[in-house]
Amino acid sequence: MPDAVRTAAVRAVLIMALTIIQAVIAFLCTLAGSWLAFPMVLSSVASTVVATWAVLDVWVTRQVWNQRHGVVSVPSSTARQMRRERRRAQRAARAAERDEADGRIRGRRGAGDLSRA
């Protein structure tokens with residue numbers, strides 16, 4: 001995860017944690033009938049809006065990062081290229097082995113063989 005996206009994600013998690021704590025305190029104050037209940041409920045609503053904004057910020061930051069720096073494909077293009085080269089080498093080795101085996105088989109046959117398919 002890029003640094004900008006990680007920073008936004010950490011910020012969003014902290015804000016969401018504080019919002020949840022604030023909502024629990026507002027709920028407990030409401031149950032206790034405290035005078036602090038109404039201000040806490042109002043601030044919890046405001047914190048919910050801010051937390052939603054923070055989560056959207058993570059999403060937007062990720063989209064901007066991908067657009068500016070390109071999407072890193074998994075597996076990466078270099079890994080894909082290496083895998084292609086490895087497959088080509090394996091195919092070439094198998095083909096060489098087959099040709100060598102065919103040469104040995106053909107070399108054993110005499111000149112008078114009639115059945116050569």
Side-chain angles (χ1 to χ4, degrees):
M1 188 182 316
D3 287 340
V5 179
R6 185 180 299 119
T7 303
V10 168
R11 187 181 325 122
V13 166
L14 289 175
I15 291 172
M16 286 173 47
L18 289 174
T19 301
I20 291 171
I21 291 169
Q22 198 172 13
V24 168
I25 292 172
F27 177 72
L28 293 175
C29 286
T30 304
L31 287 180
S34 173
W35 63 271
L36 200 56
F38 184 68
M40 286 299 289
V41 168
L42 287 180
S43 65
S44 292
V45 170
S47 291
T48 303
V49 171
V50 171
T52 305
W53 185 269
V55 170
L56 285 174
D57 180 46
V58 173
W59 183 69
V60 168
T61 304
R62 184 173 174 270
Q63 295 298 324
V64 168
W65 178 269
N66 285 341
Q67 189 174 16
R68 286 185 183 162
H69 298 93
V71 178
V72 179
S73 63
V74 176
S76 68
S77 56
T78 55
R80 193 173 296 125
Q81 181 64 29
M82 288 173 56
R83 198 168 56 235
R84 281 187 193 132
E85 290 172 3
R86 199 177 320 120
R87 273 193 232 122
R88 283 186 194 128
Q90 288 172 348
R91 283 188 204 122
R94 272 187 257 137
E97 187 177 308
R98 240 179 305 171
D99 290 343
E100 184 180 312
D102 286 346
R104 282 187 296 207
I105 292 172
R106 286 187 188 133
R108 277 193 237 143
R109 291 186 179 161
D113 282 344
L114 296 176
S115 61
R116 186 175 270 193

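Bear in mind the structure is a predicted one, so any value in this text is a computation, not a measurement. Numbers here are sequence positions counted from 1. Note: hydrogens, waters and symmetry copies are ignored here, and every other heavy atom, side chains too, is used.
Neither Trp53 nor Val58 shares a network with the other; the hydrophobic side chains, linked directly or stepwise wherever heavy atoms of I, L, V, M, F, W or Y lie under 4.5 Å apart, form separate groups for each. Leu31 and Met40 are not part of a single hydrophobic cluster, where members link through side-chain heavy atoms under 4.5 Å apart. Under a hydrophobic-cluster definition in which Ile, Leu, Val, Met, Phe, Trp and Tyr are linked whenever side-chain heavy atoms come within less than 4.5 Å, directly or via other members, Phe27 and Val24 are assigned to the same cluster. A continuous path of ILVMFWY side-chain contacts below 4.5 Å connects Ile25 to Leu36, so both sit in one hydrophobic cluster.
In terms of heavy-atom proximity, Ala8 sits nearest to Thr61 at CB-OG1, 4.1 Å. Nearest heavy-atom pair across Asp57 and Arg11 is OD2-NH1, 2.8 Å. Nearest approach of Ala51 to Ile15, heavy atoms of both residues: CA-CG2, 3.7 Å.
Taking CD from Gln22 and OG1 from Thr48, the interatomic distance works out to 8.0 Å, rounded to the nearest 0.5 Å. Rounded to the nearest 0.5 angstrom, Phe38 CZ and Cys29 SG are separated by 13.5 Å. Taking CE of Met16 as the start and OG1 of Thr52 as the end, the distance is 9.0 Å to the nearest 0.5 Å. Here OG of Ser44 is found 11.0 Å from CD1 of Ile20. Values are rounded to the nearest 0.5 Å. For the atom pair CD (Glu97) and CD (Gln90), the distance works out to 12.0 Å, reported to the nearest 0.5 Å.
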Next item on the list: Could you go through the side-chain contact (heavy atoms from CB on, under 4.5 Å) check for Arg83 and Arg86 one step at a time?
Entry: CA-CA 5 Å; Arg83 198 168 56 235; Arg86 199 177 320 120; 4.0 Å; yes

